[in-house]
Amino acid sequence: MLLARALASTGPLRLLDVMAGCGIRGLRVGLEAGATAVWANDADPDRLPLLSANLAPLSAAGCALRTTALTAQQLLAGCLQRRERFELVDLDAFGCPTALLPLALEAVSLDGVLYLASSDGRSPTGHDRPAAVRRFGAAARAHPASWELALRLQLGSVARCAWALGRGVEPLLAFSEGRTFRTAVRLRRRPARGEEGQLGLIALCHGCGDQQVQSLLSLRQWQPCACAPGTAPPLAISGPLWIGPLQHPPTLEAVLRQAEAEAEAEAVPRSVAAASRRLLAALHADPGLPARCWPLAEIARRMGRGGPPKLTALVEALRRLGHGAWASGVMAGQLRSDAPWPLILELAARLGGAGAADAAK
Ligand SMILES: C[S@@+](CC[C@H](N)C(=O)[O-])C[C@H]1O[C@@H](n2cnc3c(N)ncnc32)[C@H](O)[C@@H]1O
Ligand SMILES: [Zn+2]
C-alpha cells in the first residue's frame with residue numbers, strides 16, 4: 001500500500017489486480033492510495049458477487065471500478081489486444097507465476113510497476129531441481145541464503161522476459177517471510193547501460209562455505225575456494241539469476257518516510273504494523289549487494305572456536321578493513337559481504353572468541 005501511495009504521488013495510478021481474491025488490495029489502493037481506476041479480477045466466478053460488494057465503496061469515492069472473473073491468461077491477453085496498460089499490475093499467484101510474466105509485463109505501462117508474488121518455495125530453494133529448470137530455466141541448489149536465492153531467481157525471470165520484449169527493469173523491493181517471495185519491479189522503456197551484466201551465477205562450496213558470484217557477460221573460470229588443494233567438492237552453482245541490487249533506495253526512503261509519518265501521527269489509524277516498519281528499515285539498510293550472504297550460525301560452525309560474534313561487530317570490523325559488509329535485510333541473522341571468506345572467518349573467530357571470553361568474566 002505504501003508503494004502504491006508512492007506511485008500515486010507521481011501521477012494517476014491505475015491498478016490491475018490480476019488475482020484479486022476478495023479484492024482487499026484493490027479496495028485499499030483505491031481508498032488509501034487514491035488510485036483513479038481499479039480492475040479487480042479473479043478466475044473463480046463464485047467470488048464475483050463478493051468482489052463487487054467489497055469494492056462498491058470505490059465507485060462512491062470516484063475511482064473507476066471493474067470486476068471480472070477471467071483467467072489471468074484471458075484477462076492479460078485482452079489487455080494486450082486492446083493495448084491497455086496500468087501503472088501497477090499486481091500478480092499475487094498461488095504457485096509460480098513465470099508462465100504469466102510476458103503477458104503481465106505487456107500490461108505494465110512504461111515506468112509502471114509489476115508487483116509479483118510466488119508461493120512456490122520448493123523449486124527456487126533447491127528442493128525441486130527439475131521444477132526450477134522448468135519454471136526458471138535455471139539451476140537452483142541448496143544455499144544458506146535460500147530466500148534471497150528464490151528472490152534472485154524470480155527477478156532473473158522478470159528481467160529476461162522484459163529484455164526479450166526490449167524493455168529494462170529496475171527492482172524496487174524484494175522480500176520474503178520464507179513462504180511467499182515478493183518482488184516489485186519497475187519496467188523501463190529500455191535496459192539501462194550494463195543492465196545485462198546483472199544476470200549471473202552464484203557458486204557455493206559445501207566443503208569450506210566460500211561463495212563466488214559471476215556475471216554471464218564476463219563468465220570465466222571459478223577461483224580456487226578456501227578448501228585445501230585437491231579436497232574441494234564440485235561447486236554448487238545456481239542460476240542464471242539476478243545478481244544486481246534487490247532494493248531501490250529512493251523508493252524505500254519514500255515508503256519508510258510515509259510509514260514513519262503515519263506512526264507518529266496519532267490521529268491516523270495505523271495501517272503500517274511495527275513489524276512492517278522494521279522490515280522496511282532492514283531492507284533500507286541493506287543494498288542487497290553483493291549476492292554473498294552467510295548465516296551467523298554457519299560462520300560460527302566453520303570458524304572452529306568461540307561463540308558466534310555479534311553481527312554488528314563483525315560488520316563494523318569488516319568495514320574498518322575497507323570491505324563492504326551489511327546485515328542482510330532479506331534474512332535475519334545473516335552477513336552480506338564482499339570480503340574474502342577466510343578473513344570473515346578469522347575476524348568472526350576473534351570477535352566471537354572475545355565475546356565468549358567477556359561473557360565468561
Ligand atoms: C494468493 S490468492 C490472491 C489473494 C489476494 N491478492 C489478497 O491479497 O487477498 C490467489 C487468487 O488467484 C485466483 N486464481 C488462481 N488461478 C488463477 C488464474 N489462472 N487466473 C486468475 N485468478 C486465479 C484464486 O482464485 C485466488 O483467489
Ligand atoms: Zn571450498
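Counting starts at 1 for both ligands and their atoms, following the listed order. FYI, side chains are in, hydrogens and waters are out, and symmetry mates aren't considered; it's all heavy atoms of this structure. Here, residue 1 is the first one in the sequence, and each next residue gets the next number.
Salt bridge annotation for Glu106-Arg83: absent, with no cationic side-chain nitrogen under 4.0 angstrom from a carboxylate oxygen.
Backbone and side-chain nitrogen or oxygen atoms of Ala72 are examined, and one is located within less than 3.5 angstrom of a nitrogen or oxygen of ligand 1. By the 3.5 Å distance cut-off applied to N or O atoms, Ala43 is counted among the residues near ligand 1. Distances between N or O atoms of Asp92 and those of ligand 1 include at least one value under 3.5 Å.
For the pair Arg5 and Glu262, the minimum side-chain heavy-atom distance is below 4.5 Å. Side-chain contact between Asp111 and Arg188 is present, with at least one heavy-atom pair separated by less than 4.5 Å.
Counting only heavy atoms of the protein, atom 9 (O) of ligand 1 lies nearest to Ile24 CG2, 3.6 Å. Of the protein's non-hydrogen atoms, Gln73 OE1, 3.6 Å is the one closest to atom 19 (N) of ligand 1. Scanning all protein heavy atoms for the shortest distance to atom 14 (N) of ligand 1 gives Met19 SD, 4.0 Å.
Using a 4.0 Å cut-off between heavy atoms, Ala20 contacts ligand 1 through its backbone alone, with no side-chain atom that close.
Dense packing is recorded around CD of Glu177, with more than 12 heavy atoms of other residues, nucleotides or ligands lying under 6.0 Å away. Within a 6.0 Å sphere centred on CZ of Arg82, heavy atoms belonging to other residues, nucleotides or ligands number more than 12.
Residue contact annotation: Gln74 has no non-hydrogen atom under 4.0 Å from ligand 1.
Of all heavy-atom pairs between Cys293 and Glu148, the closest is SG-OE1, 3.6 Å. Shortest non-hydrogen contact noted between Leu149 and His143 is CD2-CB, 4.0 Å.
Considering only non-hydrogen atoms, atom 24 (C) of ligand 1 lies nearest to Asp42 out of Leu100, Asp42, Leu51, Asp44.
Counting the atoms of ligand 1 from 1 in the order shown, those under 4.0 Å from a heavy atom of Arg25 are 6 (N), 8 (O). When each atom of ligand 1 is checked for a heavy atom of Arg47 under 4.0 Å away, the hits are 25 (O), 27 (O). Within ligand 1, the atoms closer than 4.0 Å to a non-hydrogen atom of Gly21 are 27 (O), numbered from 1 in the order shown. Counting the atoms of ligand 1 from 1 in the order shown, those under 4.0 Å from a heavy atom of Thr71 are 20 (N).
Rounding to 10°, one obtains 110° for the angle at the Zn ion (ligand 2) between SG (Cys205) and SG (Cys208).
The closest donor-acceptor contact from the side chain of Ser118 to the backbone of Gly95 lies under 3.5 Å.
Ring geometry for Phe86 versus Trp39: interplanar angle over 60°, hence perpendicular rather than tilted (30 to 60°).
Of the N and O atoms on the side chains of Glu253 and His284, at least one donor lies less than 3.5 Å from an acceptor on the other residue.
Residue contact annotation: Cys227 places an N/O/S atom under 2.8 Å from the Zn ion (ligand 2).
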